[in-house]
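Proteins come first, then strands; the chains are lettered A, B, ... in the order of their sequence lines, and each starts at number 1. Small disclaimer: the values here were computed from a predicted structure and weren't measured.
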Protein chains: 2
Amino acid sequence: MDTQLDAVFAALADPTRRAILSLLLEDDMAVTDVAEPFEMSLAAISKHLAILAGAGLISQEKHGRVKWCKLEPYALRAASIWMQGFGQFEPVNLDAFERFLAVELTDDAQDQG
Amino acid sequence: MDTQLDAVFAALADPTRRAILSLLLEDDMAVTDVAEPFEMSLAAISKHLAILAGAGLISQEKHGRVKWCKLEPYALRAASIWMQGFGQFEPVNLDAFERFLAVELTDDAQDQG
DNA sequence: CCCATATTCAACCATTCAGTTGACCATGGT
DNA sequence: ACCATGGTCAACTGAATGGTTGAATATGGG
C-alpha cells in the first residue's frame, strides 16, 4: 500500500546504506568518494546510491562527469512520524537526545568558529 | 555491523508487518486473530510474527494453545534515535552521536532488566 | 478417547537482493 | 585526437524473502 514507507525502511535496513547516509551527513560527496571507505566495488555502491535516491533519501546531481550526492533528511520524516505513533516510550530518551543535540550543536558552532 | 537496526528496519519495510504492528497497538492478540484481516495464509502471518519477534518489536507468550502477541514499542527506540540524527538539519558530530546511542542502549537494557 | 482448534514445520516456488566482473558511455585534460 | 577518470549497464551468482500447501504438534473440550 504505502510504497514510500516501504522504500525508506528497506533502504535503511542495509548497514552499508546507513553508513553512506552517515557519510553524507557531514558533506555532499561524489559517488567515487562515497565508495572509497567501503570494501566493495564501485558498482555496488552505485546501486546502493540508486536505492537511496529511489527512496528519496538522497538526491544526485551531475556536474561535469562527477555526480554529487546530497542527503535529503526530510525524506525520513514520514517514517519518523509513523514510528512516533508507536512511541509510548518515556520522553526521557528524547529529552536526553535533545540535550545531546544542544551540546553537539553548541560544540559544533564553536569548532567551526 | 549493527544487526539490531538491520532487523528492525527490515521488519518495518514490509507493509503487512507494519499493519500487524498497528493492529497490536490497539490490543494484544492471538496469532489467529492477527491473521484474520489479511488475505494470506495463517502460516505466512506466523512467519511475519516470527520476524517481528526476532526484531524485538513484539513478544509472544503461549497460554494454553493460544499464543498471545504483544507490541514492544521500546524496540523502536534505537531506530527512532538513529533517524533523529538525520532529522536535524545542522551538522552533527557522528562520533559523539554513536557514543550517545551506545549509552542510551545500555541504559535501555538496564531499564528493561 | 476423539475431535476440533491453534500454531508451527517442512518443502517448495518465484522473486528480489547484494554482490561480482567486464564492457560500455561521457566528460575533461593535455 | 587520445587517454584517463567517473559512473553506469548487463549478465551472472548465491542467498534471502514472501508466499503457498500439506503434514505435524500441542492443547483443550465433550
Below 3.5 Å between N/O atoms, which protein atoms pair up with nucleotides 27-30 of chain C? Just atom names and distances, please.
unit_1: C:dT27; atom_1: O2; unit_2: A:R65; atom_2: NH1; d: 3.0

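Of the listed nucleotides (D:dG18, C:dA18, C:dT20), D:dG18 has the atom at the smallest distance from the side chain of B:R17. In this structure, of D:dG19, C:dA6, D:dT8, it is D:dG19 that holds the atom nearest to the side chain of B:H48.
In terms of position on DNA chain D, the residue among B:A44 and A:V66 whose nearest nucleotide sits closer to the 5' end is A:V66. Nucleotides of DNA chain C nearest to B:V31 and A:A43 differ in position, and the one nearer the 5' end is that of B:V31.
Between A:S41 and C:dG19, a side-chain N or O to OP1/OP2 separation shorter than 4.0 Å is absent.
Screening B:D28, B:V31, B:L21 against B:C69 for a side chain to side chain contact (heavy atoms under 4.5 Å, CB included) leaves a single residue, B:V31.
Rounded to whole angstrom, the span from the NZ atom of A:K47 across to the P atom of C:dT16 amounts to 14 Å. The separation between B:L49 atom CG and C:dT7 atom C1' is 11 Å, rounded to whole Å. For the pair A:M40 CE and C:dT21 C1', the computed distance is 15 Å after rounding to whole Å. Rounded to an integer number of Å, the gap from CG of A:L52 to P of D:dT8 is 12 Å. In this entry the distance linking CG of A:L42 with P of C:dG19 reads 13 Å, nearest Å. Following rounding to the nearest Å, A:W68 (CH2) and D:dG6 (P) show an atom-to-atom distance of 11 Å. For A:D33 and D:dG6, the CG to C1' distance is 10 Å, given to the nearest whole Å. Straight-line distance from the CD1 atom of B:I45 to the C1' atom of C:dA6: 15 Å, rounded to whole Å.
Two residues are said to be in side-chain contact when any heavy atoms from C-beta on lie closer than 4.5 Å; A:L12 and B:M83 meet this criterion. Put simply, the side chain of A:E72 does not reach to within 4.5 Å of the side chain of A:L52, judged on heavy atoms. Taking the side chain as every heavy atom from C-beta outward, B:L57 and B:I51 never approach each other to under 4.5 Å. Between A:H48 and A:F38 the shortest side-chain heavy-atom distance does not fall below 4.5 Å. At a threshold of 4.5 Å between non-hydrogen side-chain atoms, the residues A:S59 and A:W68 do not count as touching.
When all heavy atoms of A:A75 and A:Q4 are compared, the closest pair comes out as O-NE2, 4.4 Å.
Among the atoms of the strands shown, only primed sugar atoms or phosphate atoms (P, OP1, OP2) are found under 4.0 Å from some heavy atom of B:A30.
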